[in-house]
Amino acid sequence: MKVSRFLLSTMKEVPADAEIISHKLMLRAGMIRKLAAGLYTWLPLGLRVLHKVENIIRDEMDKSGALEVFMPAVQPAELWQESGRWDQYGPELLRLKDRHDREFCFGPTHEEIITDLIRREIHSYKQLPANFYQIQTKFRDEIRPRFGIMRAREFLMKDAYSFHLTQGSLEETYNQMYETYSRIFKRLGLNFRAVLADTGNIGGSRSHEFHVLADSGEDAIAYSTTGDYAANVELAPAVPPTAPRGQPSQSMAAVNTPDQHTIEEVSRFLKVTPAQCVKTLIVKGNEGLVALVIRGDHTLNAVKATKLPEISQPFTFASPEEVRRVTGCEIGSLGPVGLTIPVKVDHSAAQLTDFVCGANKEGQHLVGVNWGREVPAPKQPVDIRNVEPGDPSPDGKGVLAIARGIEVGHIFQLGEKYSSAMSAKVQDEEGRMITLLMGCYGIGVSRIVAAAIEQNHDEFGIIWPQTIAPFTVALLPMNMYKSQRLLEAADKLYQRLLEAGVEVLWDDRKERPGVMFADMELIGIPHRFVMGEKGLDEGYVEYKGRWNKQAQNVPMEKAVEFILEKLRG
RNA sequence: CGGGGUGUAGCUCAGUCUGGUAGAGCGUUGCUUUCGGGAGGCAAAGGCCGGAGGUUCAAAUCCUCUCACCCCGACCA
C-alpha cells in the first residue's frame, strides 16, 4: 500500500475527550472516529487491525471444531420473552419496534437465537456435542460508555454456544474453549490471565474470564502470589478467620464524635485503627431494609451481598430518608447496636472484640462494643467483603495480590438455563427427550484492539504485536522526489516485498523525513526500512524495529529475506 | 438516573464576567527554502459562535428553553 493512496488521518493534537492511552492513540493514529456516544467508525487503518484480530480468532475457533454461523443483529422480542430476559434485562437492552408495531431488540448477546436455531435443527444425540460461533456487532446501551472502543455501546464480539447431552461433555468443550482462548490471546501477543468469574446476567454456573493485564483495566483481579488461584475480586471468597473471637476486655461507652462520619475520620479522632471499627451499611432487602456490617478497613462486595437471600436485586443502598426512618439518625453515625432490622455481619467484623461503631445518634460513636453482649452475636456470619492484598488465598496456597485487568474473554457453563426455558431437547439412545446442556464463550473483538494498545505503546505511539499490526513494514525513502534513482530503488524494493507477501506501507508522500518517522511510529508499524541516496550508493537500506533503539544497515539485496527472517523469528 | 462541566475554523483553544463588524496555534491548499526527526518564509481557503425563542439600536457575549458531548457518582455510614 502506498500512503498516497491510503487514508492516513493522523493527528498531532489529542481530541479533548480521550482519557486513556489506547483511546488517545486510536484517535491520533486515525484508526477510529466517533459518531456519537459509544459509536465509532473504523477507518481503514483500524479496520486492518480489527480484521487481523478477527482472523486469528476465527482460525483458532475453526481449529477447535466450532462451526461459524451468522445470526441477525435484530431479534424478535418473543424469544426474549420466552427466556424471561425481556423483562430482566433492563435499559441496557435497546428495544425497537418495526412498522407493524412488533417488538424487537438489537442483540446484546445471542443465547435465545442460537437456542431457537438448535431446537429446530438438532434432534438427536448423534449430532452432539456441537459448538457454533459467530463474529457479530452487538449493542448494549451502557449507562456510561467511555474509553473509546474499550467500553462502547456498539462493539464487535465473537460469541460461541455449545450444546451437550451430558455434563461431562459440556466440561470437555468448556476446557477445550479454555485452551483455545489461551492460544488465541497468546497469538494476539497479549499478556493475559484466566480468572474465576461471576456469571452476571448471562446466568449459569462455572465461569472463567480472560483478562489482559493493564493498569487502566476496569476490573480488579485477585491472584495467589505462590499458587495458581486467580479470580475476579467480585467473586474471590474471603477466607474466614479461624481463631475464635477473643474475650471482651472493655465496657461499652458512648463518646462524642462531632462531625466525624467516615471510618477514617472516626478512627483518627478516637486514635484507633480502622480495623478496630465496623461500618454499617443499610441496603434494600426483600422485606424492608437490611443492615450489612463489615470491618472498617474493608470494602463491601455488592456482587456477594446480592447473593444473600435477604437482599433485593438489583443491589440498592437505602436512601438517607429510609435510613433516618429506621434508625432515627443520619448516615455517618450508624452502628449495629439496637437496630431493629435484620443485621448481616461479615466474618471479619464478627471476629472483633471491643470494637468501635456508630451510636445511631448524630455525633456519637460507641467504643468497647462486643458481640453477644451489646449486640446479638451473629448466628451465621457471611462473606460480603472484597478480598484485600495479603488475605490468604482461598486455595490455601500463599496470599492474594490484586492486579487490574481488561476483560477480553468470558466462558460460561450455562447448563439448562436457556434450553429448559425454551425447551431445546434431543432424543438419547433410548429415545428419551433430554434437555440440552449449554456452554457459551465470548470474546470482545473490538475491545482487544484497545487492550493491545494499552499493553504495547511508548511515548511515540503504538507498538503493534507482529500478528495484529496493520502493516508489517514501513518503507520510507528520504527525499525521494529529488532523486529519480531513489524513487526507482524504493519502487523496486516495494515490489519485491509485495511479491514476498509482506504487507508493506510505502510512504510515497512528498513529506519531510520527520513527518514520516513520526507518523509510522504513531501508527505502530513493527518494522521500518529507511532508504537514502547514501545507502543506495553503498548498497544498503537502514532497518529499525519499532521497539529497537538503534538502527542497522542491511544489504539491499538481502532486505526481503531479512524481513522474512524477522517474521519467522 | 443524580451532580458538575463544555459546545466558537478540520483539531486544540482564546474571546463571554464588562454587548459594539470573528481570533490564535496546529492542520489544509499554492509557492518557496540550505529538506534524516512533526523546520522556516510568503500567500490563501475555511466559522449562522450547537439549535430555538427573547431582551436590546446592537448578542458568541445577557435571559429562557432545548439538543449534543464530556467528567464524577452508591465501598460515606
Side-chain angles (χ1 to χ4, degrees), chain A residues 9-19 23-24 27-28 30 33-39 90-91 143-148 220 233-234 257 259-267 274 277-284 291-305 314-320 322-324 326-327 329-336 339 346 356-365 384-386 388 460-461 476-483 486 507 509-522 528 530-535 542 544 551:
Chain A
S9 287
T10 55
M11 288 190 285
K12 259 197 273 195
E13 287 182 281
V14 195
D17 52 359
E19 275 194 287
H23 189 195
K24 289 179 186 169
L27 289 168
R28 287 192 54 212
R33 290 290 181 257
K34 185 167 81 170
L35 178 65
L39 303 177
I143 307 172
R144 222 182 122 195
R146 58 177 138 181
F147 303 147
V233 164
E234 287 179 346
T257 50
D259 298 324
Q260 310 296 311
H261 296 297
T262 66
I263 288 289
E264 202 178 309
E265 288 165 354
V266 170
S267 61
C277 306
V278 302
K279 44 179 142 179
T280 307
L281 303 102
I282 299 195
V283 304
K284 294 193 175 157
L292 303 176
V293 177
I294 58 177
R295 218 168 72 185
D297 58 329
H298 289 153
T299 55
L300 181 73
N301 182 315
V303 171
K304 291 181 186 175
F315 182 85
T316 321
F317 277 90
S319 68
E322 289 170 311
V323 170
R324 215 175 297 131
V326 168
T327 66
C329 85
E330 296 295 319
I331 289 172
S333 304
L334 294 176
L339 283 184
D346 185 74
V356 174
C357 66
N360 297 325
K361 267 185 213 160
E362 182 58 24
Q364 279 205 349
H365 279 75
I384 49 171
R385 71 173 176 95
N386 287 320
E388 302 282 337
F460 303 110
L476 309 187
M478 301 288 98
N479 303 308
M480 177 174 82
Y481 291 99
K482 293 235 163 118
S483 164
L486 182 57
D507 198 341
R509 294 175 298 178
K510 209 168 179 174
E511 278 294 352
R512 297 169 54 84
V515 174
M516 294 184 178
F517 293 145
D519 272 347
M520 293 303 130
E521 281 161 7
L522 175 60
R528 180 180 91 185
V530 175
M531 299 179 74
E533 289 240 287
K534 183 161 179 255
E542 178 194 287
K544 183 174 165 300

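Of the listed nucleotides (B:G38, B:G37, B:C75), B:G37 has the atom at the smallest distance from the side chain of A:Glu521. With distances taken from any side-chain atom of A:Leu300 to the nucleotides B:G38, B:C69, B:C75, the minimum falls on B:C75. When distances run from any side-chain atom of A:Arg146 to the nucleotides B:C70, B:G38, B:C71, the shortest one goes to B:C71. Out of B:C76, B:C35, B:C69, the shortest distance to the side chain of A:Lys482 is found at B:C35.
Across B:A60 and B:C49, the matching P atoms stand 6 Å from one another, rounded to whole Å. The separation of B:A14 from B:U8, taken at their C1' atoms, amounts to 10 Å, rounded to a whole angstrom. A distance of about 16 Å separates the P atoms of B:U29 and B:A45, rounded to the whole Å. On the P atoms, B:G46 is 23 Å away from B:G41, given to the nearest whole Å. The same atom, C1', is picked in B:G20 and in B:U56; the two are 12 Å apart, to the nearest Å. Between the C1' atoms of B:U28 and B:G19, the separation comes to 34 Å (whole Å). One P atom belongs to B:C67, the other to B:A52, and the distance between them is 15 Å to the nearest Å. Nucleotides B:G47 and B:C62 place their P atoms 25 Å apart, quoted to the nearest Å.
Distance, A:Arg512 CZ to B:U32 P: 15 Å, rounded to whole Å. In this structure, the CD atom of A:Glu542 is 12 Å from the C1' atom of B:G37, given to the nearest Å. One interatomic measurement links the two molecules: CE of A:Met516 to P of B:G36, which rounds to 11 Å at whole-angstrom precision. A:Asp507 has its CG atom 13 Å from the C1' atom of B:G36, to the nearest Å. One atom, CD of A:Glu264, and another, C1' of B:A77, lie 14 Å apart when rounded to the nearest Å. Spacing between atom NE2 of A:His365 and atom P of B:A77 amounts to 8 Å, rounded to whole angstrom units. Atom NZ in A:Lys510 sits about 12 Å away from atom C1' in B:U32, given to the nearest Å. We find that CG of A:Leu522 is positioned 18 Å from P of B:G37, with the value rounded to whole Å.
Within 6.0 Å of CD on A:Glu265 lie more than 12 heavy atoms contributed by other residues, nucleotides or ligands. The local environment of NZ in A:Lys544 is crowded, with over 12 non-hydrogen atoms from other residues, nucleotides or ligands closer than 6.0 Å.
Residues satisfying the side chain to side chain donor-acceptor pair (under 3.5 Å) test with A:Asn360, not counting sequence neighbours, are none.
With A:Lys279 contributing its side chain and A:Thr299 its backbone, the two residues share no donor-acceptor pair below 3.5 Å.
Nucleotides of RNA chain B nearest to A:Lys12 and A:Ile143 differ in position, and the one nearer the 5' end is that of A:Ile143. Mapped onto RNA chain B by nearest heavy atom, A:Phe460 and A:Ala37 fall at different nucleotides, with A:Phe460 at the one closer to the 5' end.
Pairing partner, B:G30: B:C42, with both Watson-Crick or wobble hydrogen-bond distances short of 3.5 Å. Base pairing analysis places B:A24 opposite B:U12; the two distances defining the Watson-Crick or G-U wobble pair are each below 3.5 Å. Base pairing of B:U55: no nucleotide in any strand meets the Watson-Crick or G-U wobble criterion (both distances under 3.5 Å). Across all strands shown, B:U61 has no partner, as no Watson-Crick or G-U wobble contact with both distances under 3.5 Å is found. Of the nucleotides present, B:C72 is the one that pairs with B:G2 by Watson-Crick or G-U wobble criteria, both distances under 3.5 Å.
For A:Asn479 and B:G36, the shortest distance from a side-chain N or O to OP1 or OP2 is below 4.0 Å. Note on A:Lys34: a side-chain N or O is less than 4.0 Å away from OP1 or OP2 of B:C70.
In this model, a side-chain donor or acceptor of A:Arg528 finds a partner on the base of B:G37 within 3.5 Å. The base of B:G38 sits within donor-acceptor range of the side chain of A:Asp519, with an N or O pair under 3.5 Å. Side chain A:Lys279 to base B:C76: no donor-acceptor pair is found below 3.5 Å.
Of the residues listed (A:Arg385, A:Arg295, A:Lys304), the one engaging A:Asp346 in a salt bridge (Lys or Arg N to Asp or Glu O under 4.0 Å) is A:Arg385, and it is the only one.
At least one side-chain heavy atom of A:Arg528 sits less than 4.5 Å from a side-chain heavy atom of A:Glu521. Put simply, the side chain of A:Glu511 does not reach to within 4.5 Å of the side chain of A:Asp519, judged on heavy atoms. The closest side-chain heavy-atom distance from A:Phe517 to A:Met478 is below 4.5 Å. The side-chain heavy atoms of A:Asp297 and A:Glu388, taken from C-beta on, include no pair separated by under 4.5 Å.
Between A:Leu339 and A:Ala291, the shortest heavy-atom distance links the atoms CD1-CB, 3.7 Å.
Within 4.0 Å (heavy atoms only), A:Arg28 reaches at least one base atom of the nucleic acid. If you check every strand for non-hydrogen atoms under 4.0 Å, A:Asn301 touches nothing. Using a 4.0 Å heavy-atom distance criterion, A:Thr280 is classed as a base contact.
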Starting at the 5' end of nucleotides 6-13 of chain B, put B wherever the base has a protein heavy atom under 4.0 Å, S where only the sugar-phosphate does, and a dash everywhere else.
-----BSS

